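Predicted model only: the values in this text are computed from it and were never measured.
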Amino acid sequence: MRLFVSEGAPGSLPVLAAAGRAQGRAELLISTVGPEECVVPFLTRPKVPVLQLDSGNYLFSTSAICRYFFLLSGWEQDDLTNQWLEWEATELQETESLADIVLWGALYPLLQDPAYLPEELGALHSWFQTLSSQEPCQRAAETVLKQQGVLALRPYLQKQPQPSFLEGRAVSNEPEEEELATLSEEEIAMAVAAWEKGLESLPPVQPQQNPVLPVAGEKNVLITSALPYVNNVPHLGNIIGCVLSADVFARYSRLRQWNTLYLCGTDEYGTATETKAMEEGLTPQEICDKYHVIHADIYRWFNISFDIFGRTTTPQQTKITQDIFQRLVARGFVLQDTVEQLRCEHCARFLADRFVEGMCPFCGYEEARGDQCDKCGKLINAIELKKPQCKVCRSCPVVKSSRHLFLDLPKLGKPLEEWLEKTLPGSDWTPNARFIIRSWLRDGLKPRCITRDLKWGTPVPLEGFEDKVFYVWFDATIGYLSITANYTDQWEKWWKNPEQVSLYQFMAKDNVPFHGLVFPCSALGAEDNYTLVSHLIATEYLNYEDGKFSKSRGVGVFGDMAQDTGIPADIWRFYLLYIRPEGQDSAFSWTDMLLKNNSELLNNLGNFINRAGMFVSKFFGGFVPEMVLTSDDRRLLAHVTLELQHYHQLLEKVRIRDALRSILTISRHGNQYIQVNEPWKRIKGSEADRQRAGTVTGLAVNIAALLSIMLQPYMPTVSATIQAQLQLPPPACSILLTNFLCTLPAGHQIGTVSPLFQKLENDQIESLRQRFSGGQAKAPPKPAAVETMTTAGPQQIQVLMDEVTKQGNTVRELKAQKADKNQVAAEVAKLLDLKKQLALAEGKPLETPKGKKKK
C-alpha cells in the first residue's frame with residue numbers, strides 16, 4: 001500500500017494518526033507530494049490524502065482511509081462510529097475511536113489554539129488535548145506541520161477553490177428550484193428502454209392473502225404503530241407521530257408487493273382508563289368500549305389502512321403476557337422489592353402513576369405525571385414529584401410501602417447490548433431513537449417495576465401478588481402480539497420468526513424506551529425466539545401554532561374535529577406529512593396549510609395533472625396520442641426515472657417527508673415541460689407541430705399516471721380519483737417499479753377529467769384558526785372591504801417574496817416579448833394573487849381595489 005500526503009493538508013493529520021494504529025499490520029509506504037500533484041489518475045483535480053491499495057484501487061476520502069486503517073488494526077465496526085455524524089448530540093467518547101481521529105483531524109486548525117474556544121466548551125478542549133497528546137496524533141502533526149504550527153496549513157488551503165456561498169438566499173425548509181442532474185447517455189438509454197417495455201414489464205399482481213402471513217424467501221414486513229391510550233381522542237400530533245406515518249410505509253410496502261401486515265389497536269388497561277372512568281361515571285370496560293369506537297372512526301376517516309385494529313382487553317393478551325412473565329420468573333429475571341408509594345388517605349388507595357401529578361424534579365414542570373414528565377421526557381417515580389396531588393380529590397398523598405415485582409434490567413443488559421450491536425448497524429432506527437437508547441445504557445440500567453396496585457389490568461399470576469396487575473408499560477407492547485393473535489391463530493409466524501420478518505415500529509420519541517429497551521429485554525429474557533424491532537422509527541413532537549395541543553383548553557385540532565372543518569382527509573394527510581417532525585419538532589400552522597394547499601397542491605400538482613388530462617380530452621378526443629420522442633423527451637424520461645428512484649431510496653429508509661418532495665419535484669418538471677412546449681399552440685400549427693403536441697401530451701399524461709401511483713401512500717383518495725379519471729389499467733395501480741413505464745400507450749382512452757383540489761380561502765382559514773384557538777380572545781369583526789390574517793413565519797414570508805419576484809420577472813419578460821394579451825393577463829393575475837397572499841401573510845390589510853390609480 002502507498003499513502004500519499006501533502007505538507008499543510010489538513011486531511012493528512014487524521015490519516016497519519018490512523019496509520020499509526022495499523023503499524024506492523026501491513027506494508028505501508030508513505031509519500032509526500034505537492035498540493036497540485038494529481039495522484040488519482042481518473043480525478044480532474046488534485047486530491048490528498050490518497051491511499052493506493054495493493055489491488056490498484058484508490059481511497060481518497062479521509063474518513064474511508066481512516067476506517068480502512070482501523071479495520072486493519074483489528075477494530076470491529078460498531079454502530080456508534082457508523083453514526084458518528086450524531087456526535088454533536090452525544091457526549092464525546094473517552095476512548096480513542098475512528099470518529100475521534102477523523103474529527104480531531106478536521107477540527108485541528110480551529111482547536112489547536114485554546115483561545116478560540118469559549119469556556120463553556122471546556123469538554124471539547126479537554127477531548128482535543130487528550131487526543132493530541134497521544135503518540136500517533138503527535139507524529140501525524142509533526143509530519144504535516146513541520147514545526148510551523150497551524151501556519152503550515154495556510155499555503156495548501158490558499159490553493160484550494162473558494163467555497164461557494166449562496167448569498168442572498170433565505171435559509172428555509174421550503175423546496176428550492178433544483179438544477180436538473182447531469183445524465184449520462186447510458187442512463188438516458190436505460191430509462192427509454194424501460195419506458196418502451198410498458199405494462200408488459202409489470203410482474204403479476206399477487207393475490208391478497210387473508211390472513212396475511214410471512215412467506216419464506218420473500219420480504220415480510222410487520223408494521224406497528226404505537227397503541228394509543230383508549231381514554232382520550234388523538235390530536236394531529238398523535239396521528240402523524242404514529243398511525244399516519246406507519247400507514248404511508250404500509251401502503252408503500254404493498255406497492256412493492258412485500259408481504260405486509262400493519263396492525264394497531266387501543267391500549268386499554270391501566271391507570272389512565274380508571275381515571276377516565278371515574279371522570280365520566282362509567283366502568284373501565286364501558287370507557288374502553290366507548291373510546292375504541294371513537295378511535296376506530298377517526299382512523300377510518302383518515303383512511304388508515306390497518307390490516308387489524310384491535311384492543312388489549314382480550315383473553316389472548318392475558319395468556320401471552322402471563323406466559324412471557326412466567327418464563328422471565330423461571331430464568332431469574334424478576335425481582336421482588338418493597339416500594340415507597342404515594343397513598344391517598346382520602347380515597348383510601350395507593351395512587352398509581354397517573355393518579356398523581358406534581359412538579360417534575362428534573363425540569364420543574366408543574367403538571368408532570370407520576371410516571372413521566374411530558375416536558376423534558378424523563379421517567380419519574382411518583383414519590384420523586386415535588387408538591388404531589390391526588391388527581392381524583394386533589395389532596396396531598398402520603399408515602400407508604402407496598403411490595404412489587406421488578407424486571408431485572410441490569411441482568412438483561414448484556415444480551416440487550418449484544419442484540420443492539422447486531423441490529424443497529426445498517427438498520428433504519430432514527431437518530432433520536434438511537435440517542436435515547438444509548439442514553440439509557442450510558443446512565444446504567446436499573447430494575448424496573450412491572451406491577452401496580454390497580455384492579456383494571458392483566459392479573460399477575462404469582463402467589464402473594466394476586467391483588468396486583470401488570471404495569472401497563474410492561475404489557476402494552478405485548479399488545480402487538482395479542483392483537484395479531486386475535487387476527488390469526490398463526491400469529492407466531494410473525495412474532496416468533498426473526499429470521500424472516502422485518503419489524504418496523506412507529507411512535508413518538510417518548511415511547512422509544514419501552515419499544516427499544518423494555519420490551520426487547522422482556523422478550524430476550526423469555527428466550528422464546530421472539531421477533532424484535534428491526535427498524536424503530538420515532539418522530540419528534542408536533543406543536544400547534546405557537547403552543548401545545550390541549551383538549552381541556554380547546555387548543556388545537558383533534559381527530560374527531562378534523563372531519564368537521566370541511567377540509568378533505570387527504571389534504572390533512574398531505575399537510576401533516578409535509579411538516580412531519582422527522583429531525584426536530586415542527587408546528588402545525590393554519591397560514592402554512594393554506595399556502596401549501598394553494599401552491600403545492602392546487603398550483604403545482606393539481607394544475608399539472610388536470611392540464612395533462614384536459615389536453616388529451618380537448619385536443620385528441622380522449623385518446624392518448626402517438627408519441628415520437630425527441631432527445632429532450634428522452635432526457636425528461638431519465639430525469640423522472642432518477643427522481644422516482646430517489647423516491648424509492650427515501651421511502652426504503654423511511655424518510656417519509658423527503659420522499660413526498662420527490663412527487664412534487666416530478667410534478668414541477670411536468671409543468672415546466674408543458675410550459676416550454678406549449679401543446680395548446682402547437683395543436684393549431686403544421687403537421688409536425690400537431691405531432692409534437694401529441695408527444696408532449698402523451699408523455700405528460702403518463703407522468704400524471706406515475707404520480708397517481710406515487711401519491712397512493714400519501715393521498716389514497718386523490719390517487720384513486722386520478723387513476724379513475726385516466727382509466728389507468730388495474731395492474732399499474734397496484735405495483736410501483738423503480739423505472740418509469742409507459743402505462744397509457746397510444747390509443748388508450750381516458751375518462752372524464754376534473755379538478756382535484758379546491759383553493760383554501762383566507763376567510764375560511766381565519767375562521768378555523770379562531771375556532772381552535774381555545775381561550776384566546778376573539779378577533780374583532782372585520783370591515784367588509786378588508787381582509788386580515790395573522791402574520792406568517794419569516795420562512796413562509798420569504799418563500800412568498802421569492803415567488804412574487806419570480807412571477808414579476810415572468811410578467812416583465814412576456815411584456816417585453818409582446819406576448820399574447822391573454823397569456824400576459826393570466827400571468828398578471830397570478831402575480832396579483834401572490835402579492836395578495838404575501839400581504840396577508842405579513843398581516844397587512846388589503847383594501848378592495850376601486851379601480852386603477854393614475855401614475
- Task: Look at the side chain of Q725 and the backbone N and O of S754, then say whether any donor-acceptor pair between them is shorter than 3.5 Å.
- Result: yes
- Query: If only atom types and distance count, is the side chain of N677 paired as donor or acceptor with the main-chain N or O of Y673 below 3.5 Å?
  - Reply: yes
- Task: Assert yes or no for the condition that the ring centre distance of Y575 to F588 is strictly below 6.0 Å.
- Result: yes
- Query: Does R661 count as lying over the ring of Y578, i.e. NZ or CZ under 6.0 Å from the six-ring centre, within 45 degrees of the axis?
  - Reply: yes
- Message: Once you measure the plane-to-plane angle for F772 and W590, does it fall in the parallel (<30°), tilted (30-60°) or perpendicular (>60°) bin?
- Response: parallel
- Task: Indicate the ring-plane relationship of Y504 and F506, choosing parallel, tilted or perpendicular according to the 30° and 60° boundaries.
- Result: parallel
- Task: Report yes or no: does T565 contribute a side-chain atom to a donor-acceptor pair with the main-chain N or O of M561 at less than 3.5 Å?
- Result: no
- With the side chain counted from C-beta on, respond yes when I298 and P234 share a heavy-atom pair under 4.5 Å apart, and no when they do not. yes
- Message: Let's go through R573 and T717 carefully: what are the C-alpha distance in whole Å and the side-chain angles of both, what is the deciding distance for side chain to side chain donor-acceptor pair (under 3.5 Å) to 0.1 Å, and is it a yes or a no?
- Response: CA-CA 11 Å; R573 286 177 63 110; T717 302; over 6 Å; no
- N/O donor-acceptor pair under 3.5 Å between N604 side chain and S599 backbone: no
- Query: Can you check whether K684's main-chain N or O pairs, donor with acceptor, with D689's side chain at less than 3.5 Å?
  - Reply: no
- Task: Inspect the surroundings of CD in Q645 and state if more than 12 heavy atoms from other residues, nucleotides or ligands are less than 6.0 Å away.
- Result: yes
- So how far is it from I239 CD1 to L577 CG, rounded to the nearest 0.5 Å? 11.5 Å
- Item | Backbone N/O of S719 and side chain of Y714: donor-acceptor pair under 3.5 Å | no
- Flag if over 12 foreign heavy atoms under 6.0 Å of CD, E626: no
- Task: Assess whether salt bridge (Lys or Arg N to Asp or Glu O under 4.0 Å) is satisfied between D633 and R692, documenting all intermediate values.
- Result: CA-CA 11 Å; D633 300 329; R692 182 66 189 145; 2.6 Å; yes
- Query: So, does Y647 use its side chain to make a donor-acceptor pair with the main chain of M710 at under 3.5 Å?
  - Reply: yes
- Item | Evaluation steps, salt bridge (Lys or Arg N to Asp or Glu O under 4.0 Å), between E187 and R634 | CA-CA 10 Å; E187 287 173 316; R634 294 188 182 93; over 6 Å; no
- Task: Evaluate the salt bridge (Lys or Arg N to Asp or Glu O under 4.0 Å) criterion for residues E687 and R690: first the C-alpha distance (whole Å), next the side-chain angles of each, then the deciding distance (0.1 Å), finally the verdict.
- Result: CA-CA 5 Å; E687 181 62 31; R690 289 195 295 274; 2.8 Å; yes
- Task: Step by step, work out the side chain to side chain donor-acceptor pair (under 3.5 Å) result for T630 and D632.
- Result: CA-CA 5 Å; T630 66; D632 285 345; 5.1 Å; no
- Message: Nearest 0.5 angstrom please: D570 CG to N303 CG, how far?
- Response: 6.5 Å
